[in-house]
Amino acid sequence: MRAEAFLAELIGGSAGEVALTPSDSVAFAKAWWGWVLGGNVPAGHTVWVDRLTYHSHYATMVQTQQLAHFVIEVLPSLP
C-alpha cells in the first residue's frame, strides 16, 4: 500500500486528497501559493500572523504580498 493510500485511510479520505512533502515549509509554501493564486486573499485585505510564525512561512507570505496586494500585520505576543 502506498503511503498516500495508508494516510488517507487513517484520516478517512482518499489517496488523491493526500500530498506528501519533504517538510512543513514546503507544504505551507505550496498551500499558501495555491490559496493566493486561487484569489482567496483579496487585494487590500490584511493577513495577521503571530510574532512567532515560522520564518519560512512568513517569507512565503512576503513573496506573494506584491502579487496579491495584501498587507501583512505581525501581532505581538501577550505579556
Side-chain angles (χ1 to χ4, degrees):
M1 179 181 284
R2 292 185 52 198
E4 290 89 342
F6 173 77
L7 291 169
E9 185 177 319
L10 186 66
I11 62 172
S14 68
E17 297 172 314
V18 174
L20 299 178
T21 64
S23 70
D24 166 73
S25 296
V26 171
F28 180 84
K30 289 178 179 291
W32 182 256
W33 272 92
W35 187 255
V36 170
L37 293 176
N40 296 292
V41 184
H45 280 220
T46 300
V47 173
W48 292 328
V49 297
D50 184 276
R51 183 184 68 83
L52 300 175
T53 297
Y54 282 171
H55 67 278
S56 60
H57 294 190
Y58 184 76
T60 298
M61 288 184 234
V62 170
Q63 288 175 334
T64 58
Q65 192 175 15
Q66 278 191 327
L67 176 70
H69 308 289
F70 61 88
V71 175
I72 298 173
E73 185 174 329
V74 180
L75 301 173
S77 297
L78 295 174

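As the structure is a prediction and not an experimental result, all values here were calculated from the model.
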Non-hydrogen atoms of Thr53 and Asp50 that approach each other most closely: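 Closest heavy-atom pair between Thr53 and Asp50: OG1-O, 2.7 Å.
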Taking the side chain as every heavy atom from C-beta outward, state whether [X] and [Y] have any atom pair closer than 4.5 Å.
| X | Y | value |
| --- | --- | --- |
| Trp33 | Gln63 | yes |
| Arg51 | Ser77 | yes |
| Phe70 | Thr64 | yes |
| Val49 | Ile72 | yes |

Transitive ILVMFWY side-chain link Val47 to Trp35, under 4.5 Å: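 In one cluster: yes.
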Transitive ILVMFWY side-chain link Tyr58 to Leu75, under 4.5 Å: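 No, because Tyr58 and Leu75 fall into different hydrophobic clusters, even though each may have its own neighbours under 4.5 Å.
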Can you tell me how far the OG1 atom of Thr60 sits from the NZ atom of Lys30, to the nearest 0.5 Å?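 Spacing of OG1 (Thr60) from NZ (Lys30) equals 11.5 Å.
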Between CG on residue Leu37 and CG on residue Leu67, distance to nearest 0.5 Å: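 Leu37 atom CG to Leu67 atom CG measures 6.0 Å (nearest 0.5 Å).
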Name each donor-acceptor pair under 3.5 Å that joins a side chain in residues 2-10 to protein atoms two or more places apart or in another chain, with its distance.
unit_1	atom_1	unit_2	atom_2	d
Arg2	NH2	Glu4	OE1	3.3
Arg2	NH2	Glu4	OE2	3.4

Any side-chain to backbone donor/acceptor pair from Glu73 onto Trp48? Under 3.5 Å, distance only.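 No, because the side chain of Glu73 does not come within donor-acceptor range (under 3.5 Å) of the backbone of Trp48.
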Do Ser23 side-chain atoms and Val26 backbone N/O form a donor-acceptor pair below 3.5 Å?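 Such a contact is found between Ser23 side chain and Val26 backbone.
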Has Gln66 got more than 12 heavy atoms of other residues, nucleotides or ligands less than 6.0 Å from its CD?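 No, not enclosed.
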Restricting to ring-ring contact (aromatic ring centres under 6.0 Å, His included), what partner residues turn up for His57, sequence neighbours left out?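 Counting only residues at least two positions away or on another chain, His57 forms a ring-ring contact (aromatic ring centres under 6.0 Å, His included) with Phe28, Tyr54.
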